[in-house]
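So you know, we letter chains A, B, ... as the sequences are listed, proteins then strands, and number each from 1.
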2 protein chains.
Amino acid sequence: MAKKASAQLSEYLAGQGLKSTSQRDKILAVFVEAGRHLSAEELYARIKKVHPGIGYATVYRTLKLLAEAGMAEERRFEDGFTRYEYKTSEGGHHDHLICTRCRAIVEFENERIEALQQDVARNNGFLVQSHKLEIYGLCSACQGKKNKPA
Amino acid sequence: MAKKASAQLSEYLAGQGLKSTSQRDKILAVFVEAGRHLSAEELYARIKKVHPGIGYATVYRTLKLLAEAGMAEERRFEDGFTRYEYKTSEGGHHDHLICTRCRAIVEFENERIEALQQDVARNNGFLVQSHKLEIYGLCSACQGKKNKPA
DNA sequence: TTGAAATTGAAATCCATTTTCAATTTGTTG
DNA sequence: CAACAAATTGAAAATGGATTTCAATTTCAA
Ligand SMILES: [Mn+2]
Ligand SMILES: [Mn+2]
Ligand SMILES: [Zn+2]
Ligand SMILES: [Zn+2]
């Protein structure tokens, strides 16, 4: 899978007249490995453990590049950080449930909601390009716990 | 209506041991008058035409204060600015359709979508606190027009 | 092998928003 | 009304995530 990802990136780069670099390969590998919804900051922390030479700016740049290449999706939740998630060719669209206490993120798909959104848009003369649905609340683990102490 | 708003603010301030000031009154009046979804920047521009003495920071501070008082709602769309909308006692919850070309914002309510969100949350053990649904696309006016030129 | 073009890391810069701080204003107390 | 502690203000400085600059390095087509 990481094999495939790096091949996909190389292909994109070649097609755009851009260059393959070891930094890009390494960042992509760590990113794919790390799991979803990472901020640049978080990814950088992981990167530098394995590849201390790689710079901060390069992590930012590569994440944007991956988004342009269609290999990552940019997400801005309400915590002030831009997060990225790796996008496989299959793994389709989904929305998010976010715990306001422990920050847990649960993904979901609901075709009925999607359909109703289309209806709403059509009724207002809009042509849908994208949408964002985030449900904030308390996950089951957090519902029982005391208030503030994270 | 603006009468009522300023009374509501005074009441909130008194209750919190905070002070009524002419700046707060004036900012509120312009805010209520101006319409929905204003950024601090936009509101400041309007304010200074009428009340040149009022400072930038005070506009920011007052907007946050109004949000705390429950008289304004903070919205973060995808344009990098925090926007505020005046919240009347009746005017209930709604979501937004946003034109990616002309930035027009249309409000809508859809109880079926709301209900389905509750279902999704329940199925995942979440207790809903709030949510955010934004549909991005082209408004009818913008669908016919050429690509980029805003 | 060569060299133009792309990329890199570090530091500087951007930019919306927040904070600092001294001066002013408010509202309460006597 | 006077006095004063506490809150507020405007201007400027600071913050913080993200982007840009720039000289040095690397890539890759010729
Ligand atoms: Mn996700
Ligand atoms: Mn609205
Ligand atoms: Zn939780
Ligand atoms: Zn439009």
Side-chain angles (χ1 to χ4, degrees), chain A residues 6 9-31 37-45 47-69 72-84 103, chain B residues 6-7 9-28 30-31 37-45 47-69 72-84 103:
Chain A
S6 82
L9 178 57
S10 298
E11 189 178 349
Y12 172 79
L13 292 172
Q16 299 292 309
L18 304 176
K19 291 173 177 172
S20 287
T21 68
S22 68
Q23 289 92 333
R24 285 171 175 168
D25 287 344
K26 290 167 183 167
I27 291 170
L28 175 59
V30 175
F31 176 56
H37 313 122
L38 277 88
S39 66
E41 198 86 23
E42 287 165 348
L43 181 55
Y44 176 62
I47 293 281
K48 77 174 165 203
K49 286 182 191 162
V50 197
H51 309 290
I54 294 182
Y56 199 69
T58 301
V59 173
Y60 270 93
R61 288 189 281 230
T62 301
L63 248 9
K64 298 220 92 175
L65 178 73
L66 291 174
E68 282 156 26
E73 197 135 346
E74 257 182 83
R75 304 274 189 190
R76 268 175 281 275
F77 301 141
E78 297 282 79
D79 68 353
F81 297 87
T82 299
R83 297 178 174 282
Y84 291 83
R103 290 278 145 197
Chain B
S6 83
L9 177 58
S10 297
E11 189 178 348
Y12 172 80
L13 292 171
Q16 301 291 310
L18 304 176
K19 291 173 179 173
S20 288
T21 66
S22 67
Q23 289 92 332
R24 284 170 176 169
D25 287 344
K26 290 167 182 166
I27 291 170
L28 174 59
V30 174
F31 176 56
H37 313 121
L38 278 87
S39 66
E41 197 86 23
E42 287 166 348
L43 181 55
Y44 176 63
I47 294 280
K48 79 174 163 201
K49 287 182 190 163
V50 197
H51 309 290
I54 295 183
Y56 199 68
T58 302
V59 173
Y60 270 93
R61 288 188 282 230
T62 302
L63 248 9
K64 296 220 94 176
L65 177 72
L66 292 174
E68 282 156 25
E73 196 134 348
E74 259 184 81
R75 305 272 188 190
R76 269 176 280 276
F77 301 141
E78 297 282 81
D79 68 353
F81 298 87
T82 300
R83 297 176 175 284
Y84 292 83
R103 289 278 145 199

To the nearest Å, how far apart are A:Leu63 CG and C:dT7 P?
16 Å
For B:Leu13 and B:Lys19, work out which heavy atoms get closest and say how close.
CD1-O, 3.6 Å
So, applying salt bridge (Lys or Arg N to Asp or Glu O under 4.0 Å) with A:Glu42, which one of A:Lys49, A:Arg103, A:Arg83 is it?
A:Arg83
Nearest-0.5 Å distance that lies between atom OH in B:Tyr12 and atom CG in B:Leu18
6.5 Å
Sugar-phosphate atoms are those with a prime plus P, OP1 and OP2; base atoms are the rest. Using that split, label each nucleotide of nucleotides 17-30 of chain D B, S or - for protein heavy atoms under 4.0 Å, 5' to 3'.
SBBBB-----BS--
Rounded to whole Å, CG of B:Leu38 lies from C1' of C:dA16 at a distance of 16 Å
Can you tell me if B:Glu74 has over 12 outside heavy atoms packed within less than 6.0 Å of its CD?
yes
Between C1' on C:dA16 and CZ on A:Arg76, what's the gap in Å once rounded to a whole number?
14 Å
Can you tell me the base-pairing partner of D:dA29? Count Watson-Crick or G-U wobble geometry only, both distances below 3.5 Å, and say none if there is no partner.
C:dT2
Let me know the distance between CG of A:Leu9 and C1' of C:dA6, rounded to the nearest Å.
14 Å
Whole-Å gap separating P (D:dA7) and CD (B:Glu68)
15 Å
note: B:Glu42, atom CD; C:dA16, atom C1'; distance rounded to Å ~ 13 Å
Whole Å only: how far is the CG atom of B:Leu65 from the C1' atom of D:dT9?
14 Å
Not counting sequence neighbours, which residues clear side chain to side chain donor-acceptor pair (under 3.5 Å) with A:Glu41? List them please.
A:Tyr56
By salt bridge (charged side-chain N to carboxylate O under 4.0 Å, His left out) - contacts of B:Glu78 (at least two apart)
A:Arg76, A:Lys132
Could you state the atom-to-atom distance from NZ of A:Lys48 to P of C:dA10 in whole Å?
11 Å
